[in-house]
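Counting starts at 1 for both ligands and their atoms, following the listed order. Values reported hereafter were calculated over all heavy atoms of this structure, with side chains retained and with hydrogens, waters and symmetry mates removed.
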Amino acid sequence: MKQSQLFVPTLKEAPKDAEVKSHKLMARAGLIKQTAAGIYTYLPLGLRVIKNIEAIIREEHDQRGCSELLMPALQPRDLWEESGRWGQYGPELMRLKDRKERDFCLGPTHEEVITAVVRDYIQSYKKLPLALYQIQTKFRDEMRPRFGLMRGREFIMKDLYTFSESRADLDAWYQTMKIAYTTIFNRCGLETKIVSSDTGQIGGDAADEFMVMSEVGEDTITYCDQCDYAANQEFSGLSEGDPCPNCEGTIQVAKGIEVGNIFKLGTKYSESMNAYFTDRSGHRQPVIMGCYGLGISRTLMAAVEQHSTDDSLLWPKAITPFHVHVIPVKMTPENEDAILSLYNNLSRTYTVLLDDRDERVGVKFKDADLIGLPYRVVLGKDFKDGLVEFTDRHTAETRLVAVTDLPDLLLL
Ligand code: ATP
Ligand code: MG
C-alpha cells in the first residue's frame, strides 16, 4: 500500500482525555478515533490489526471443531425475559424500543440468542456436542468508559458457546479452550496468566479469566509465589503477604488487564430457556453449556500497551498492520521506477507500506516510529548502487544490505 493513499491521521499530541500510554499512542498513530465517549472508529491501520487478530482466532477455533455463525446485535426483550436477565441486568444493558413500542436491547453477550438458535435442533444426544462462535460488536453502557478500547461502550468480542451432554464433555471443552486462548494470546504477542474468577452477570458454576499483567490493568490479581494458584482479588479476597490457600507459598498482588473470560455455565440457560435433549438412556436432560469470551478490541489495546514506548510502537509480527515499511529519503523522477519495482517485488511476499509522501525524511521517520512496523527499509544515497538501510526493529539492528539480500532478512 502506498502511504499517500492510506488514511493515517497521525497526531503530534494525544487527546487530552487519553490517560494511559496505549490510548495516547493509538490516537497519535492513527489507529483509532473517538466518535463518542467509549465509542471508537477503527481507522485503516487499526482495522488491519483487528483483522489479523480475528484471523488467528478463527484458525484456533476452526481447527478445534468450533463453527462460526453471526447472531443479531439487536435482541428482543422476550428472550431476556425467558432467562430472567431483562430484570436483572441493570443500566449496562442498552435498551431501546422499535416503532411499535416493543422492547429490544443491543447485545452485551449472547447466551439467550444462541440458546434460542440451537434448542429445537439439539433434541437428541446424537446432535451433541456443538460449539458455535461469532465475532461481533457488543454493547455495554459502562459506568466509566475509559482507556480507549480497554473499556468501551461498543467493543468487538469473540464469543463461543458449547453444548454438551455431560459434565465430563464440558470439562473437556473447557480445557481445550484454555489451551486455545493461551495460544491465541501468545500468537498476538501477549503472555497471559489464567486466574479463577467470579461468574458475575453471566452466571454458572466456575469461571477463569485470562490476564495480561500490566500496571494499567483495572483488575487486581492475587497469585502464589510458589505454586500456580492465581485468582482475581474480587473473588479470592486475599492480600499481599497472605498465606497461599494451596501450598506453603505467599500471596503476591499485581494489576492485570482481563482479555478473556471463560465460564462453565452448566444448565442455567438450558433450564430457564427450555433447551433439553434426550440422553443415551432415553431421559430428558437440560443441555450443559459453556461460554468463552475474548475481547478483541481490548486485546489490540493490551498489545499496544505491552509493545510500545512513549513515542513508538513495535508490532508483534503476527498482528502487524504491514510487515515492511519502505521509506525513500526522497522520491525523484530518476529513482521512482526503481523504488516502485522494489515495492512491487516485496509486495509479492510481504505486506508493504511505501512512504511515497512528499514529506521531509524527519517527518517520515517520526511517523514510522509511531506506526511501528517490525521491518524498515530506508532508500537513501546508496540506493542507486543497489544498497539499502535495513532495520529489524525487534533486534534494533541497522545495516547496509544489498536489495537482493532483503528476502533472506525479512523473516515472518
Ligand atoms: P470487565 O470485568 O472488564 O467489565 P467483563 O467481565 O464484564 O469485563 P465479559 O463479559 O467476561 O467481561 O466479556 C468477555 C471479554 O470481553 C472480557 O474478558 C474483555 O476482554 C472484553 N470486554 C468486556 N467488557 C469490555 C468493554 N467494556 N470494552 C472492551 N472490552 C470488553
Ligand atoms: Mg469477565
Side-chain angles (χ1 to χ4, degrees), residues 20 22-23 26 32 34-40 42 46 50 53-54 57 73 83 85 88-94 105-114 133-161 174 177-178 180-182 184-185 188 190 192-204 206-214 216-221 231-235 255-265 268-269 290-306:
V20 294
S22 46
H23 186 190
M26 290 186 70
I32 55 170
Q34 187 178 316
T35 298
I39 302 176
Y40 288 85
Y42 300 92
I50 292 277
I53 298 172
E54 290 178 354
I57 291 174
S83 70
R85 284 207 292 184
Q88 286 165 10
Y89 211 97
E92 265 190 23
L93 190 63
M94 295 267 196
C105 66
L106 292 174
T109 175
H110 278 68
E111 285 76 17
E112 283 79 3
V113 178
I114 194 74
Y133 75 97
Q134 65 173 345
I135 291 177
Q136 203 204 30
T137 301
K138 297 280 193 267
F139 299 85
R140 294 183 187 177
D141 199 355
E142 299 275 0
M143 181 133 76
R144 276 194 78 195
R146 61 182 196 148
F147 295 175
L149 301 183
M150 202 83 92
R151 184 167 299 284
R153 294 197 295 163
E154 173 177 324
F155 58 96
I156 307 173
M157 198 207 282
K158 183 285 310 180
D159 43 330
L160 163 73
Y161 304 87
Y174 202 76
M177 293 321 296
K178 268 192 186 173
Y181 270 41
T182 304
I184 290 165
F185 292 123
C188 294
L190 293 172
T192 47
K193 222 183 199 9
I194 301 181
V195 313
S196 315
S197 80
D198 184 14
T199 52
Q201 285 278 16
I202 289 176
D208 286 281
E209 292 168 333
F210 290 75
M211 292 284 179
V212 173
M213 303 317 260
S214 162
V216 308
E218 293 185 290
D219 286 86
T220 307
I221 318 304
N232 197 312
Q233 192 173 44
E234 282 176 359
F235 177 68
K255 292 283 178 194
I257 303 171
E258 180 196 320
V259 284
N261 203 176
I262 63 178
F263 301 80
K264 289 186 183 176
L265 294 175
K268 173 177 169 173
Y269 295 90
C291 80
Y292 315 76
L294 191 158
I296 294 175
S297 39
R298 192 182 280 179
T299 296
L300 161 60
M301 183 93 187
V304 173
E305 189 64 40
Q306 300 298 79

Rounding to 0.5 Å, atoms CG (Leu149) and CD1 (Ile50) come to a distance of 7.0 Å
inquiry  = Using a 6.0 Å cut-off, check whether atom CD of Glu92 has over 12 heavy atoms from anything other than its own residue.
reply    = yes
Looking at Arg298, Met157, Met301, the heavy atom closest to atom 19 (C) of ligand 1 belongs to Arg298
Does Ser197 bring an N, O or S atom to within less than 2.8 Å of the Mg ion (ligand 2)? no
Numbered in order shown, the ligand 1 atoms found under 4.0 Å of a heavy atom of Gly152 are 26 (C), 27 (N), 28 (N), 29 (C)
Worksheet entry | Expected output: side-chain Arg153 to main-chain Ala37 donor-acceptor under 3.5 Å | yes
**Q.** Whether Thr109 lies under 4.0 Å from ligand 1, heavy atom
**A.** no
Q: Indicate the ring-plane relationship of Phe210 and Phe185, choosing parallel, tilted or perpendicular according to the 30° and 60° boundaries.
A: tilted
- Judged by non-hydrogen atoms, does Leu149 sit under 4.0 Å from ligand 1? yes
inquiry  = Tell me whether Lys138 reaches ligand 1 (any heavy atom closer than 4.0 angstrom to a ligand atom).
reply    = no
Quick note on ligand 1: atoms under 4.0 Å from a heavy atom of Glu142 include exactly 24 (N), 26 (C), 27 (N)
Could you go through Ser214 and Glu305, starting from their C-alpha distance and side-chain angles, then the distance that decides it, and tell me whether this counts as side-chain hydrogen bond (donor to acceptor under 3.5 Å, both in side chains)? CA-CA 8 Å; Ser214 162; Glu305 189 64 40; 4.8 Å; no
For atom 1 (P) of ligand 1, the closest protein heavy atom turns out to be Arg151 NH2, 3.5 Å
Quick note on ligand 1: atoms under 4.0 Å from a heavy atom of Val259 include exactly 18 (O), 20 (O)
Note: ligand 1 atoms sitting under 4.0 Å from heavy atoms of Gly260 are 18 (O)
Discussion item. Quick one, Lys255 and Val216 - any side-chain contact, counting heavy atoms below 4.5 Å?
Written reply: no
Check: Taking NZ, NE, NH1 and NH2 as the nitrogens, is one of them in Lys268 or Glu111 under 4.0 Å from a carboxylate oxygen of the other?
Finding: no
Quick look: Arg140 vs ligand 1, heavy-atom contacts under 4.0 Å, and the answer is side chain
Atom 6 (O) of ligand 1: of Glu218, Glu258, Glu92, Lys158, the nearest heavy atom sits on Glu258
CG (Leu106) and NZ (Lys138) are apart, to the nearest 0.5 Å, by 11.5 Å
Is a side-chain donor or acceptor of Tyr292 paired with a backbone partner of Tyr181 at a separation under 3.5 angstrom? no
Ligand 1 to Gly295, heavy atom cutoff 4.0 Å, flagged ligand atoms 15 (C), 16 (O), 20 (O), 21 (C)
Checking heavy atoms under 4.0 Å, the part of Asn261 that sits near ligand 1 is both
| Is a side-chain N or O of Thr199 found less than 3.5 angstrom from the main chain of Ala207, in a donor-acceptor match? | no
The closest protein heavy-atom partner of atom 30 (N) of ligand 1 is Phe155 CD1, 3.4 Å
For the Mg ion (ligand 2), the nearest N/O/S atom on Glu258 is atom OE2
